[in-house]
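A, B, ... follow the sequence lines: proteins, then strands. Residue 1 opens every chain.
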2 protein chains.
Amino acid sequence: MIKEQIPDIIVGRLPRYLRTLLLLRETKTTTNSKELGELLGFSAAQIRKDLSQYGEFGKQGTGYNIDYLIDSLNRILNTDKNWDILLVGVGQLGQAILNYPGFLKHGFLVKAAVDNNPEIIGQKFNSCVVQDVRNMKEIITENQIQIAMVAVPAEKAQEIAEELVEAGIKAILSYAPATLTLPSQIRVEYSDPLISLQHITYYL
Amino acid sequence: MIKEQIPDIIVGRLPRYLRTLLLLRETKTTTNSKELGELLGFSAAQIRKDLSQYGEFGKQGTGYNIDYLIDSLNRILNTDKNWDILLVGVGQLGQAILNYPGFLKHGFLVKAAVDNNPEIIGQKFNSCVVQDVRNMKEIITENQIQIAMVAVPAEKAQEIAEELVEAGIKAILSYAPATLTLPSQIRVEYSDPLISLQHITYYL
DNA sequence: ACGTGTGAATTTCTTCACAGCC
DNA sequence: GGCTGTGAAGAAATTCACACGT
């Protein structure tokens, strides 16, 4: 695949561009690298260079058509289709995830949720019935799910992650404060407020 | 301050080093850059270079004393003391935050929480009584709070953030899927699973 | 022999600055 | 005139490789 060589640091900025464009779309039809840069805190040159990795989306003298750039970015990020997600761990955080409408709005559907707590299994959150974690593998296979969100305690995260990989999961978004060690072809992202807080306090 | 010139990209890795060391401490007293690197997915050279920015923590031939390095990192990150935090927005996510014990375990105390919903105001979560958002400024001043977590809807995030800055907040951890535009001396971090998911799908 | 700390080399990322097109 | 796309320049981050202490 050609796009393998585009640096991950650039890929990581694309979703931010997309988000800002969605906001701008509400009030205008055109923007430019200067405006985007100011809204995001990046340089205009960087935005132009990043986008130019994927094609020529702008027009000299005019800038970028917002709708067109949004469509393009969605295509690049593979977010022009819907993705099914498996949630592992339906504690307080997991429940908040199930009830949060933002994922679906951006094409991410929490298709199934599993837990090991008998009191949670069978409960319904936002039309998703929690299933037994012991059925995890079949759920993944049957629904051909590629992405899992992990919202289990830190001590359980590695173990769960390995089971997920074995069951065929391709990418994991982990909310657990733990570093996962997995085969390199598995994509792992962390949503980890503790790390962020510790980063913040450095500067205070 | 001298440390201003140490690149933020290095600072951002320090909390990860700290986390791994806390894990290692349970089974050993000494480690080295190779082991840390393997656990974290960084090169050994990078870990040595990062740490050397702040002093000489290791011993040739031996490696690093884990306890000593943990103490050192805590001092560097300012996490050797406790921090009070204000939570803005006590919806589902906010409630999960209030009930999550992990913050306190690492020295972050959610000292106060505010919301604008009359049904939520007055409710108690994990010994924290939700107060009216209209009292936000006094709460910040009286408790001399420097860090705020923002767990409000995306549309409200910018407005709330500006009020926080006006009230004297120095750093914000935002859970809202929105880019905040604030004075540069305010430190902002994001905990944003949607961005992470969109980053993930690029590779699927 | 082992593993740190570090200048030097290398690679990667960002910004510059401008030709070219609207 | 305005703004993109892009080679070239510059800055920053990472890795190399080894002297040196244990």
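Protein atom CD1 of B:Ile6 is 15 Å distant from nucleotide atom C1' of D:dA12, rounded to whole Å. Rounding to whole angstrom units, CG of residue B:Asp8 and C1' of D:dA13 are separated by 13 Å. Regarding B:Phe57, its CZ atom lies at a distance of 15 Å from the C1' atom of C:dT6, rounded to whole Å. Protein atom CD1 of B:Ile10 is 7 Å distant from nucleotide atom P of D:dT14, rounded to whole Å. Nucleotide D:dA11 holds its C1' atom 16 Å from the CD atom of B:Gln5, rounded to whole Å. A:Glu56 places its CD atom 10 Å from the C1' atom of D:dT6, with the value rounded to the nearest Å. B:Ile66 places its CD1 atom 12 Å from the P atom of C:dT4, with the value rounded to the nearest Å.
No donor-acceptor contact under 3.5 angstrom links the side chains of B:Tyr202 and A:Asp8, judged on distance only.
From B:Thr31, atom OG1 reaches atom CG of B:Leu39 across 7.0 Å, with rounding to the nearest 0.5 Å. Between atom CG of residue B:Leu197 and atom CG of residue A:Leu77 there is a gap of 11.5 Å, rounded to the nearest 0.5 Å. Between the CD atom of A:Glu26 and the CD1 atom of A:Ile66 there is a distance of 10.5 Å, given to the nearest 0.5 Å.
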Worked verdict on B:Leu36 versus B:Tyr17 for side-chain contact (heavy atoms from CB on, under 4.5 Å): CA-CA 7 Å; B:Leu36 278 172; B:Tyr17 299 164; 5.6 Å; no
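Looking at heavy-atom distances under 4.0 Å, B:Ile9 makes contact with sugar-phosphate atoms alone, never a base.
Side chain of A:Asn143 to main chain of A:Ile145: no donor-acceptor pair is present (N/O by atom type, distance under 3.5 Å, no hydrogens or angles).
Comparing A:Gln60 and A:Asp50, the nucleotide of DNA chain C nearest to each residue sits closer to the 5' end for A:Asp50.
Distances shown here put every side-chain N or O of A:Tyr54 at or beyond 4.0 Å from the OP1 or OP2 atom of D:dG5.
The stretch residues 20-49 of chain B touches DNA chain C through B:Asn32, B:Ser33, B:Arg48, B:Lys49, each having a heavy atom within less than 4.0 Å of the strand.
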